[in-house]
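Before any comments, here is the structure.
Order of the sequence lines fixes the chain letters, A, B, ..., with proteins taken first and strands second; residue numbering starts at 1 for each chain.
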Amino acid sequence: MEQTLTRYRDRDLLLPDLVEAADRLLGEDAPDARTVRYYQTLGLVRAPSRYDGRKAVYGYHSLVQVLAVRLLQAGGHSLAQVQVALAGVPPAELEAMVLAELGQPAAPPPAPRPMISAELAPGVLVVLDPSRVPEPEQVLRRLQRSLHPSSQEPT
Amino acid sequence: MNLRDLTPSIEASADPRGLGALLSEGEARPFPLESVRVRMTLSGPLARTEVVQRFSNPYTAPLDVVYLFPLPEDGAVVEVILRCGAVEVRAACRRRQAAEATFEAARAAGHRAALITQERDDVHTLRVSNLPPGEEVAVRLVILEQLDAVDGLVRWRFPTTIAPRYLSGQPTGHSGLGALPDTDLVPDASRLQPPLRLSGGTSLDLEVEVVGPVRRVTSSLHAVALELGDTVKIAPSTLATLDRDFVLGVALGEPERAAVRAWTDGTYTAVTVLPPAVRLPVALLRDVVFVVDISGSMSGQKLVAAKRALSTALRGLMPGDRFELIAFDDRVERFEGGFAEYADSTLSAALGWVSALQARGGTEMYPPLEAALAGETPEGRLRTVLFITDGQSWEEERLVQVLARRAAVGRVYTLGIDSAVNGALLKRLARVGGGVCELATPDDDLEAIVARFEARFGHPVLTGLTVAGAEVARREREALFAGSSATMLLKGVSGAVTVRGQGSDGPFEAAVTPVASPFPLGPLWARARIDALQERLLVDPGLERELRPMIEALAVEHGIASRYTAFVAVETGRVVDGEAVEVVQPSELPASWEGAASGGGGPRAQRPAAAMFSSGAVPPPSPVMPAPAPRVEPAASPPRGLLKRAKRALDTALGKAESSAPVRSRPDYGDDGGGMVVDQLLARPHEPAEVVATAELLGRTQGADGSFGGSVERTAAALLLLLLQGHTRVSGLRRRTVLKAARWLGARPEPIAAAVIALLEAVEAGETLELGGRWPDLAQGTPEGRGLAAVR
């Protein structure tokens, strides 16, 4: 089976799956389940994205973080150093670093969420990022109303 | 209008560098919390504290900070201000959901914003959004508190870190931003535990300013320096970080003569009641259950301190008492499995059992508490539970419920020992359990603390306190135990206040005219009332639909933080570009915790291998108490005659003539000659070391029946010796020893026994003991006799 990190990108991982994935990718440097939970108490690994009954379901980024911690530890760094080093690293950057460390090709970045734009009035183009503006369509309508208080609902 | 998709230009991460790059730059890269500045002003029992948390963004992307932090559990957060550069935004106090929605919208829009939510009495969460790289923000909080005085010291504990606490139950989800999952037993757990910080620390700049004269200052975990001026300023004298509570005791100005003092802001009034010093209640025989925490988090210094406390408490039992010992981690171990009679043989077996205890597993508090309150208490006996622990568990609801359910069985007292103790839980348990909470640090003199704490075992000395025409914030505060003051918060009274209640020897009544309060008291009144409602909700979660709206309304009306209200501030002047990265600020391991083994965390938070990291623990500084010299008050003239009669009786009993040479007077601790006895036990500045050692020895060599070797002479000598060193049944560190010896002697027919008792009563009535004659000959050749002779 192909052992690439990126194949786990959109997978849900139960804790045993996460450990198994780390095991496949790292070999003997892989952590056990207890250690992964311990990393969570240090803020090194993101909490499970959800729970399936009493089973924690982890996301891809948790796996990336586990690998980053183990790779740094294998390089002779203490957990204290690792904790400082990993704080504030953007997820995409960390993934790229882990891929480079594993000698795997950098994968294309995940498709960004499409932006929404609207021409509120001739020559007035508004662009909204739906990942950062809740209910963007309503916002657009409000904006349009403020430009043309008497106008009808936008089509 | 057309909606169409635009493909944004997001740069692909073209930099194929490995993880090593992080470490070369990582060494210098700290966590976002730069520093914490604390300024507290104390006037009377009222404290106003300003906390400024400064954050910076040392990373390359915009930053969302999450900081789980502790505040004093009884405090009311009344103000929050977000400062971004020159711009200050005052936070609004709203219902929690509304505040969260405002914050999320601001965060999504790229604004800098701050949200403070309260998760538990002592645990708060701060979120700061969109802090640009290289920039800084500060969050300022104002907290109001009413402090209680215990044995003459107004005490303040400012927590700085949330210790790794044990989590009970099975995981069910992860709704919050903390490091642990929610469980069936602790459904809010994911909002409580910050990640553990493995290295470095955040500096704490703390200063306390006391208005009015100060007689004495104690600091348990920090060396402090004093600056005397119009006010007294107290600050740690060495570099402090967020790794331990700041534990302050202040003896204020004049010794408290008035039993009642009051402050008012016109609408709300705070009344502090100090019960008179009374003898230990002796009426009932007790069934005492000692419950001691031997979980992993107790290992090292804390377990040593807990054992010392436990041994002292065991020796303090009275003849006729029965006792049981329960040690717990995630298992429960019992000494006898039932109540043992208090005798020399059971005492020494129990002391041996205690000394062999070792710290091990998780902190499951429910089973031992349930066991301690199991069964019924026989007629004529009083069940007393002493719970000795660091309190490092996230469980709350189930513990409160078992105490409420079993309240009729007995009283529960909690003794917390830690440098970052879970005071919120232990105070709550004592309150629901009808007892008292005492918080100590592993560096404190546990024997002294237990000796004073014992004076509060048994029944309260004042109950049913009321003020006519006033709405009292919480009724539970109306029971007072010997030596500890309590503050009642009132609404709807003006001018002079008359407090009425039931004392242990008759009705109590005191009138007082309030002075102006240094700040509005409404928030404190609301905080106390909310606390009472919150407690009812813990006991009976079914009341949520009824109580929650009441709590929300009170908190919103008074603008204070609660579990259902939050502060939110948004700086709309600027939009920060770029995807923010979230960092949860890790918290330091408390000083005095053994290595970095988070035993309190139990299986879920324990480290798998000792070699994985080194602890950043700093050795705690030795406690220094540079107290100003105590002012000795002229003693009120005591009733004359008692002492003379007692001395004559002693001389007659000994068959010896009185000599004129006074030998030694009782050390003057600056008592106020009545009312509250000012204790100097923590510092004990006047007692030479060997005298203390002798008194300590007496505490250890006394038999379970109260006698010394079953001999009247030896017991009389021991009692005299204690008396000469300032220990009576109402004052001093060895109250328990004196009481037991006096009771044993009181039942003896020999004249010398009656004479020594008469002497004790004279001293307790306020006379100064000056013994002459040849009394050192008493009990010659015994340890007690030698001790007595040595006092000369």
For chain B, which residues of residues 47-63 of chain A have at least one non-hydrogen atom nearer than 4.5 Å to it?
Ala47(A), Pro48(A), Tyr51(A), Gly53(A), Arg54(A)
Is it the side chain or the backbone of Asp64(B) that comes within 4.5 Å of chain A heavy atoms, both, or neither?
neither
Please classify the contact between Val584(B) and chain A as side chain, backbone, both or neither, with a heavy-atom cut-off of under 4.5 Å.
neither
What closest approach, in Å, do [X] and [Y] show between heavy atoms, and which atom pair accounts for it?
| X | Y | value |
| --- | --- | --- |
| Gln83(A) | Pro586(B) | NE2-CB, 3.9 Å |
| Ser199(B) | Ala80(A) | CB-CB, 3.8 Å |
| Glu93(A) | Thr60(B) | OE1-OG1, 4.4 Å |

Nearest 0.5 Å, please: how far is CD in Glu582(B) from CZ in Arg46(A)?
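Taking CZ in Arg46(A) and CD in Glu582(B), the distance rounds to 8.0 Å.
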Rounded to the nearest 0.5 Å, what separation is found between the CG atom of Leu198(B) and the CG atom of Leu44(A)?
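Rounded to the nearest 0.5 Å, the CG-CG separation comes to 7.0 Å.
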Among the options Arg197(B), Glu104(B), Glu579(B), pick out the one with the most heavy-atom pairs lying under 4.5 Å from chain A.
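Option with the greatest count: Arg197(B).
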For each of Gly173(B), Ala179(B), Ser175(B), tally heavy-atom pairs with chain A at distances under 4.5 Å, and name the one with the top tally.
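Of the candidates given, the most pairs with chain A belong to Gly173(B).
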Are any side-chain N or O atoms of Gln40(A) and backbone N or O atoms of Pro181(B), one a donor and one an acceptor, separated by less than 3.5 Å?
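No; judged by distance alone, with no hydrogens or angles, the pair does not exist.
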After noting the C-alpha distance and the side-chain angles of Phe31(B) and Val84(A), does the key distance pass the side-chain contact (heavy atoms from CB on, under 4.5 Å) rule?
CA-CA 7 Å; Phe31(B) 293 105; Val84(A) 173; 4.0 Å; yes
